[in-house]
Amino acid sequence: MENKKKQQSIPPFIAAVQRIVFHKAFTPTIIALILINAIIVGLETYPSLYEGYRGWFYAADKALLWIFTVEITLRFIATRPTREFFKSSWNWFDFLIVAAGHIFAGAHFVTVLRILRVLRVLRAISVIPSLRRLVDALLMTIPALGNIMILMSIIFYIFAVIGTMLFAGVAPEYFGNLQLSLLTLFQVVTLESWASGVMRPIFAEVWWSWIYFVAFILVGTFIVFNLFIGVIVNNVEKANEEEELSDEMKAAAETKEELASLRSEVSEMKELIKQMHKQQTKKG
């Protein structure tokens, strides 16, 4: 009964908007438009194509911007109460990206406008629930990753100082000072040409230099990077478990509401039957 009263209290216009927003085709349509926007921005990177169809690209961009504006407006109207809309960080994200397209529409910085149009592709993250959960899980890892970053910084600093002391005279272009050593170690930890480009020339001059590089690879790459992966995977699993738990709680709450409404309806029917029975006994 309470749910029915709530539905009756919603104005017809808002109810119509909610039917549009909560329709199963609404989200896939928005995703398709986001992909079309991404394709159009990608085609603009070809100067010959862009110069030949500049007017068409401009019209398509304006049309997509206003479609996204209408979409945000419909979602805002459909949210009850409306203040709940801006409690979601993802809604703020969508709103700011779309609003930026209107705010900077008259700007003379063409590059800025193109970048803003590219950023609309990020809206696919907020629209697709699975991607949204993944990003939420990654954000949950930031506190733990901070500790790992501190550990990694300490390891980098120690190896950079040691490398500068040992190899500054042999390979000044790689270990000439602390900054160059840190940059070299970053290249080494990514495993990008570390053997042929960095270690081999030094190994030709200093035969025991392989101990330094192998030790750094073992500590920096295989240990610290695996810590990163472990923390991220653990938080993704936690996010999925929390999502499943929240879904179960919502389903249980809806079931309780339905049972409560059924009980109230049954009690009302009992009262009606009693009243009808009393009226019949009075007539008899």
Side-chain angles (χ1 to χ4, degrees), residues 38 41-48 50 89 93 97 109-122 124-125 130-240:
V41 175
L43 292 174
E44 288 183 12
T45 59
Y46 296 91
S48 58
Y50 178 70
S89 57
F93 178 78
I97 287 179
F109 301 102
V110 179
T111 305
V112 174
L113 292 175
R114 288 184 177 179
I115 290 172
L116 289 173
R117 291 202 293 272
V118 173
L119 290 178
R120 289 182 207 160
V121 182
L122 289 172
I125 298 173
S130 58
L131 289 179
R132 195 165 60 239
R133 286 196 298 269
L134 180 60
V135 173
D136 288 336
L138 290 174
L139 292 175
M140 288 170 57
T141 63
I142 290 176
L145 291 181
N147 294 327
I148 298 174
M149 288 293 292
I150 293 172
L151 174 63
M152 194 170 186
S153 299
I154 293 171
I155 293 170
F156 262 68
Y157 184 78
I158 291 171
F159 274 89
V161 171
I162 293 173
T164 305
M165 291 178 179
L166 295 177
F167 310 122
V170 179
E173 69 276 16
Y174 293 123
F175 293 95
N177 52 48
L178 186 61
Q179 299 95 299
L180 288 174
S181 298
L182 288 170
L183 186 61
T184 302
L185 290 178
F186 182 79
Q187 177 185 344
V188 171
V189 84
T190 60
L191 304 178
E192 178 62 30
S193 303
W194 73 274
S196 60
V198 180
M199 190 194 76
R200 290 291 180 182
I202 299 174
F203 180 72
E205 300 289 332
V206 183
W207 66 268
W208 47 263
S209 61
W210 66 270
I211 300 173
Y212 170 85
F213 288 101
V214 170
F216 180 72
I217 289 290
L218 290 174
V219 176
T221 303
F222 298 133
I223 295 177
V224 177
F225 274 16
N226 282 326
L227 285 175
F228 273 102
I229 295 169
V231 169
I232 291 171
V233 170
N234 185 39
N235 280 282
V236 169
E237 290 177 354
K238 282 184 180 178
N240 290 330

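Between Y50 and L43, the closest side-chain pair of non-hydrogen atoms is not below 4.5 Å. Residues Q187 and W194 fail the side-chain proximity criterion, which asks for heavy atoms closer than 4.5 Å.
We find the CD1-CD1 distance between I223 and I148 to be 12.5 Å, quoted to the nearest 0.5 Å. One finds the CD1 atom of I158 at 11.0 Å from the CZ atom of F216 (value rounded to the nearest 0.5 Å). Of the inter-residue distances, the one linking I217 atom CD1 with M199 atom CE reads 9.5 Å to the nearest 0.5 angstrom.
For M152, the side-chain contact (heavy atoms from CB on, under 4.5 Å) test picks out F156, V189, V224, F225, F228, with sequence neighbours left out. With sequence neighbours excluded, the residues forming a side-chain contact (heavy atoms from CB on, under 4.5 Å) with V219 are I155, listed by chain and number. With sequence neighbours left out, the side-chain hydrogen bond (donor to acceptor under 3.5 Å, both in side chains) criterion links S181 to T164. With sequence neighbours left out, I211 forms a side-chain contact (heavy atoms from CB on, under 4.5 Å) with W208. For F186, there are no ring pair (Phe, Tyr, Trp, His ring centres under 6.0 Å) partners at least two apart in sequence or on another chain. Taking Y212 as the reference, F159, F167 meet the ring pair (Phe, Tyr, Trp, His ring centres under 6.0 Å) condition, with sequence neighbours excluded.
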Acceptor/donor pairs from residues 172-179 side chains to any protein atom, 3.5 angstrom cut, sequence neighbours excluded:
unit_1 : atom_1 : unit_2 : atom_2 : d
Y174   : OH     : G197   : O      : 3.0
N177   : OD1    : Q179   : N      : 3.2
N177   : OD1    : L180   : N      : 2.9

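For E205, the CD atom is loosely surrounded, since the number of other residues' heavy atoms within 6.0 Å does not exceed 12.
Heavy-atom minimum distance, W210 versus W207: CD1-O, 3.0 Å.
Residue pairs meeting the side-chain hydrogen bond (donor to acceptor under 3.5 Å, both in side chains) criterion with at least one member in residues 221-231, sequence neighbours excluded, do not occur.
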